[in-house]
K.L.:
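The structure under discussion is supplied below as structure tokens; questions concerning it will follow.
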Amino acid sequence: MPPRCLLLALALAACHAPAGDTSGDARWDPATTVVLVTVDSLQGSVVWGQADGWDTTPFVHALAEEGVLLSNVQAARNITGPALTSLHTGTYPRDHKVREAGEVQPTLPLISERFQAAGYRTLGVSTNLCELLHFGFDEAECARDPNDQEAGWEARQDEAAQVHLAQAVRALDPDQPLFAWLHLNQVHSPYVVEQAWYDRFHPEPYEGDLDVEDVQAMNDVILGLDEATEAEWRHLRAVYASEVRAMDERVRSFVAALDEAGRWDDAVFVFGADHGEELGGHFHYVGHGCSVYQPVSGLVYVVRAPGRLPGGLALDGWVSQTDLAPTIVDLASAFAWTGFAAGRSLVDEMLAGELDEQPAFFERGVNTAGLTWGDHRIVLSGTDGYEECGPYAQHDAAFPSEPCELYDLGADPEERTNLAEDPAQASRRQDLTDRLCAWVEERPWVGTDPMMEDNLIVRTCAAR
């Protein structure tokens, strides 16, 4: 047995099945086609046009009319490596041990490996975090070209990724069970104007000086060295929205290829993101790695499974990003999810039309953690808060978190008012803190993690 397979077998053998395990008799015939499409740095409010009223994703909207919309999915982490690994494993970073973008060696099996073991042909194409393609894919293509750094390179590489995966799908026997993953990266910074769509969102001429394609210029704004006007922030949002609109067309083209290959009508198809993006919100920050707030934490997912799930159902309760992998496996009905899973299948709740809301946990590094539950989000960062973050290529700036932050997302969706010291919120703060600390203090079921033994949250929870 190869070392990787042996490691996974030992890990699974060492795990007991959690309460949210997806197991038991399959409720449908096995799905022939299972497809997961993810987009890097995709802000949920822009997907749904909430921020400026722009029609940024008409095709994704159409997909939601054919399936179930999950409008509040809590990202497990605010950077790509841990977030995507959480999505693919159904576990949190504290479980799969992928903590940073460049350290992708998960200790738990990915959903691709599970489908591969069940006899599915597994195809993966990505333009970012290609390291995940090493796990469980029969055919994988990293469409990220380090030699192409001219403006618009992310759009070109996304197009190449979509075309490559579409060709690979068409080349298969249509009866061959398929699991495919496509990860797109265009809307990640640096932001580049997609002119045709930008003109729809920003018809008046932009007369400012902010070059959103210049990483250093954006860093200067983030660091407060330059001050952006409201007109410049609106310009940035319109540029970002133009790239989101281009992405929507790319997904439309990929789905058309699935249809042409005879794999669309009954496909289990899931669309979502690794994490979101700040566009000048908290601290005038632009990016994602330094934020635990709604633009980065709150994701939108669409789950389409004709004959298995209802169409046109919108569920706005909070769920975790770790719930998606068990849900996909449950919908596919090709095998039971056995072994370790931190998330739960949402299929029964989707069929019932109502979510059984449970705390959805998240991290910003090992020193900041939180949970979202109902209308509230709590963030805990140690007794003195925590300062660790700066924009890309800048390490001398900090975007601090307070020792405890509590927000009412219903009344304060932009999370501007910290209620942690509000006497009227004392019981809520205590309850959410206890729940979060119970999660922090729980030992991982697989392996050990010295990082969790000496960090601010652990010490704060131990001292409370």
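The residues of the chain are indexed from 1 along the displayed sequence. Note that the coordinates shown come from a computational prediction; the quantities given were computed from them, not determined experimentally.
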K.L.:
Between Gln162 and Asp158, do the side chains contain a donor N or O and an acceptor N or O under 3.5 Å apart?
P.N.:
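No donor-acceptor contact under 3.5 Å links the two side chains.
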K.L.:
Using ring pair (Phe, Tyr, Trp, His ring centres under 6.0 Å) as the criterion, list what pairs up with Phe59, not counting sequence neighbours.
P.N.:
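For Phe59, no residue satisfies ring pair (Phe, Tyr, Trp, His ring centres under 6.0 Å) once neighbours in sequence are set aside.
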K.L.:
Indicate whether any N or O donor in one side chain lies under 3.5 Å from an N or O acceptor in the other, for Thr372 and Gln74.
P.N.:
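Result is yes, a qualifying pair exists.
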K.L.:
Mind checking whether Val35 and Val37 have side chains closer than 4.5 Å, heavy atoms only?
P.N.:
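Side-chain contact under 4.5 Å: yes.
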K.L.:
Grab the two heavy atoms, one from Ile378 and one from Phe362, that are nearest each other, plus how far apart they are.
P.N.:
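What the structure gives for the nearest pair is O-CZ, 3.8 Å.
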K.L.:
So, Thr38 versus Trp181: side-chain donor-acceptor pair below 3.5 Å or not?
P.N.:
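The criterion, which ignores hydrogens and geometry beyond distance, is satisfied for Trp181 and Thr38.
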K.L.:
Would you indicate whether the side-chain heavy atoms of Ile328 and Phe115 approach each other to under 4.5 Å?
P.N.:
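Side chain of Phe115 against side chain of Ile328, heavy atoms only: contact under 4.5 Å found.
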K.L.:
Starting at CZ of Arg94, measure out to CZ of Arg99 and round the result to the nearest 0.5 Å.
P.N.:
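Rounded to the nearest 0.5 Å, the CZ-CZ separation comes to 8.0 Å.
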K.L.:
How about CG on Asp199, more than 12 heavy atoms from neighbouring residues, nucleotides or ligands closer than 6.0 Å, or not?
P.N.:
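Check passes, neighbour count above 12.
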K.L.:
Taking only residues two or more places apart in sequence or in another chain, which ones pass salt bridge (charged side-chain N to carboxylate O under 4.0 Å, His left out) with Glu139?
P.N.:
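In terms of salt bridge (charged side-chain N to carboxylate O under 4.0 Å, His left out), with neighbours along the sequence ignored, Glu139 is linked to Arg121.
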K.L.:
Could you tell me which non-hydrogen atom of Gln186 sits nearest to which non-hydrogen atom of Met247, and how far apart they are?
P.N.:
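Looking at all heavy atoms of both residues, the shortest contact is OE1-N, 4.4 Å.
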K.L.:
Rounded to the nearest 0.5 Å, what's the gap from OG on Ser45 to CG on Leu299? Could you check?
P.N.:
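Here the interatomic distance stands at 11.0 Å.
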K.L.:
Measure the shortest side-chain to side-chain distance between Pro58 and Arg245 over non-hydrogen atoms and say whether it is less than 4.5 angstrom.
P.N.:
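Result yes, sub-4.5 Å side-chain heavy-atom pair found.
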K.L.:
May I ask you to decide whether Glu249 forms a salt bridge with Arg252, counting only side-chain N to carboxylate O separations under 4.0 Å?
P.N.:
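Looking at Glu249 and Arg252, the cut-off is met.
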K.L.:
Could you name each residue pair satisfying side chain to side chain donor-acceptor pair (under 3.5 Å) that touches residues 83-93, not counting sequence neighbours?
P.N.:
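Those involving residues 83-93 are Ser86-His96, Thr89-Thr91, Tyr92-Ser320.
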K.L.:
Supply the atom-to-atom distance Arg144 CZ to Asn128 CG, rounded to the nearest 0.5 angstrom.
P.N.:
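Going from CZ on Arg144 over to CG on Asn128, the span is 4.5 Å.
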K.L.:
Any side-chain heavy atom of Leu324 within less than 4.5 Å of one from Val73?
P.N.:
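Yes, at least one pair of side-chain atoms sits under 4.5 Å.
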K.L.:
So which atom in Gly124 and which in Phe137 form the shortest heavy-atom distance, rounded to 0.1 Å?
P.N.:
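For Gly124 versus Phe137, the nearest heavy atoms are N-CD2, 3.4 Å.
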K.L.:
With sequence neighbours left out, what residues match Ala118 under side-chain contact (heavy atoms from CB on, under 4.5 Å)?
P.N.:
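In terms of side-chain contact (heavy atoms from CB on, under 4.5 Å), with neighbours along the sequence ignored, Ala118 is linked to Tyr120, Phe335.
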K.L.:
Output all residues satisfying ring pair (Phe, Tyr, Trp, His ring centres under 6.0 Å) with His376, sequence neighbours left out; order by chain, then residue number.
P.N.:
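Partners of His376 by the ring pair (Phe, Tyr, Trp, His ring centres under 6.0 Å) criterion come out as none, since no residue qualifies.
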K.L.:
Could you go through Leu346 and Leu315, starting from their C-alpha distance and side-chain angles, then the distance that decides it, and tell me whether this counts as side chain to side chain contact (heavy atoms under 4.5 Å, CB included)?
P.N.:
CA-CA 11 Å; Leu346 302 173; Leu315 300 176; over 6 Å; no
K.L.:
Looking at Glu415 and Arg377, is any side-chain nitrogen of the basic one under 4.0 Å from a carboxylate oxygen of the acidic one?
P.N.:
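Answer for the salt bridge query: yes.
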K.L.:
For Arg27, is there an ion pair with Asp330 - N to carboxylate O distance below 4.0 angstrom?
P.N.:
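Result for this pair is yes, salt bridge flagged.
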K.L.:
Just jot down the side-chain contact (heavy atoms from CB on, under 4.5 Å) partners of Ala305, sequence neighbours excluded, or say none.
P.N.:
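side-chain contact (heavy atoms from CB on, under 4.5 Å) check on Ala305 returns Val268, Arg308, Leu309, Leu331.
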K.L.:
Just to verify, what does Arg200 make a side-chain contact (heavy atoms from CB on, under 4.5 Å) with, not counting sequence neighbours?
P.N.:
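side-chain contact (heavy atoms from CB on, under 4.5 Å) list for Arg200, sorted by chain: Trp197.
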K.L.:
Answer yes or no: is there a side-chain heavy-atom contact under 4.5 Å between Thr56 and Phe201?
P.N.:
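Thr56 reaches Phe201 side chain to side chain.
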K.L.:
When rounded to the nearest 0.5 angstrom, what is the spacing between CG in Leu70 and CG in Leu355?
P.N.:
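Answer for the CG-CG pair, Leu70 versus Leu355, is 6.5 Å.
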K.L.:
Mind checking whether Tyr191 and Leu279 have side chains closer than 4.5 Å, heavy atoms only?
P.N.:
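Touching, per the 4.5 Å side-chain cut-off.
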K.L.:
Taking all heavy atoms of Pro93 and all of Pro82, pick out the closest pair and write down the distance.
P.N.:
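Smallest interatomic distance, heavy atoms only, reads CG-CB, 4.0 Å.
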K.L.:
Nearest 0.5 Å, what's the OG-CZ distance between Ser381 and Arg364?
P.N.:
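Those atoms lie 6.5 Å apart.
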K.L.:
Any pair with a residue in residues 309-321 that passes salt bridge (Lys or Arg N to Asp or Glu O under 4.0 Å), sequence neighbours left out, goes on the list, sorted by first then second residue, please.
P.N.:
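Qualifying pairs: none.
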K.L.:
Does Asp40 have any salt bridge (charged side-chain N to carboxylate O under 4.0 Å, His left out) partners at least two apart in sequence or in another chain, and if so, which?
P.N.:
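Asp40 satisfies salt bridge (charged side-chain N to carboxylate O under 4.0 Å, His left out) with no residue once adjacent residues are dropped.
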K.L.:
Could you tell me if the side chain of Pro190 sits less than 4.5 Å from the side chain of Val212, heavy atoms only?
P.N.:
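No, side chains not in contact.
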K.L.:
Could you check Tyr407 against Gln294 for side chain to side chain contact (heavy atoms under 4.5 Å, CB included), going step by step and ending with a plain yes or no?
P.N.:
CA-CA 10 Å; Tyr407 299 101; Gln294 185 74 356; over 6 Å; no
K.L.:
Are Arg77 and His275 close enough, and set up right, to give a side chain to side chain contact (heavy atoms under 4.5 Å, CB included), and what steps lead you there?
P.N.:
CA-CA 7 Å; Arg77 180 75 160 87; His275 53 72; over 6 Å; no
K.L.:
Set out, in order, the CA-CA distance, both residues' side-chain angles and the distance that settles side chain to side chain contact (heavy atoms under 4.5 Å, CB included) for Thr322 and Phe361, then state yes or no.
P.N.:
CA-CA 9 Å; Thr322 64; Phe361 301 96; over 6 Å; no
K.L.:
Over all heavy atoms of both residues, which pair between Thr338 and Arg114 is shortest? Give the atoms and the distance, please.
P.N.:
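Shortest heavy-atom contact: O-NH1, 3.0 Å.
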K.L.:
Do side-chain atoms of Arg344 reach the backbone of Pro326 as a donor and acceptor pair under 3.5 angstrom?
P.N.:
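Absent.
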K.L.:
Do Leu42 and Val244 make a side-chain contact, defined as non-hydrogen atoms from C-beta onward lying under 4.5 Å apart?
P.N.:
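Touching, per the 4.5 Å side-chain cut-off.
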K.L.:
Please list, chain by chain and in numerical order, all residues satisfying ring pair (Phe, Tyr, Trp, His ring centres under 6.0 Å) with Trp264, sequence neighbours excluded.
P.N.:
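Listed in chain order: Phe269.
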K.L.:
Tell me the closest heavy-atom pair linking Leu313 and Met350, and the distance in Å.
P.N.:
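For Leu313 and Met350, the tightest heavy-atom pair comes out as CD2-O, 3.3 Å.
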K.L.:
Could you work out, with side-chain contact (heavy atoms from CB on, under 4.5 Å) as the rule, every residue matching Asp356, not counting sequence neighbours?
P.N.:
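If we apply the side-chain contact (heavy atoms from CB on, under 4.5 Å) test to Asp356, skipping adjacent residues, the hits are Glu349, Gln358.
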K.L.:
Applying the side chain to side chain contact (heavy atoms under 4.5 Å, CB included) test to Leu178, which of Val34, Thr33, Thr122, Asp138 qualifies?
P.N.:
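Testing Leu178 for a side chain to side chain contact (heavy atoms under 4.5 Å, CB included) against Val34, Thr33, Thr122, Asp138 leaves exactly one candidate, Thr33.
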K.L.:
Could you check whether His183 and Thr127, counting side-chain N and O atoms only, form a donor-acceptor pair closer than 3.5 Å?
P.N.:
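Distance-only check fails for Thr127 and His183.
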K.L.:
How many angstroms lie between atom CD1 of Ile79 and atom OG of Ser291, to the nearest 0.5 angstrom?
P.N.:
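It is 13.0 Å, given to the nearest 0.5 Å.
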K.L.:
For residues 166-177, dump all side-chain donor-acceptor pairs below 3.5 Å to protein atoms at least two apart in sequence or in another chain.
P.N.:
{"from": "Asp173", "atom 1": "OD1", "to": "Asp175", "atom 2": "N", "distance (Å)": "2.8"}

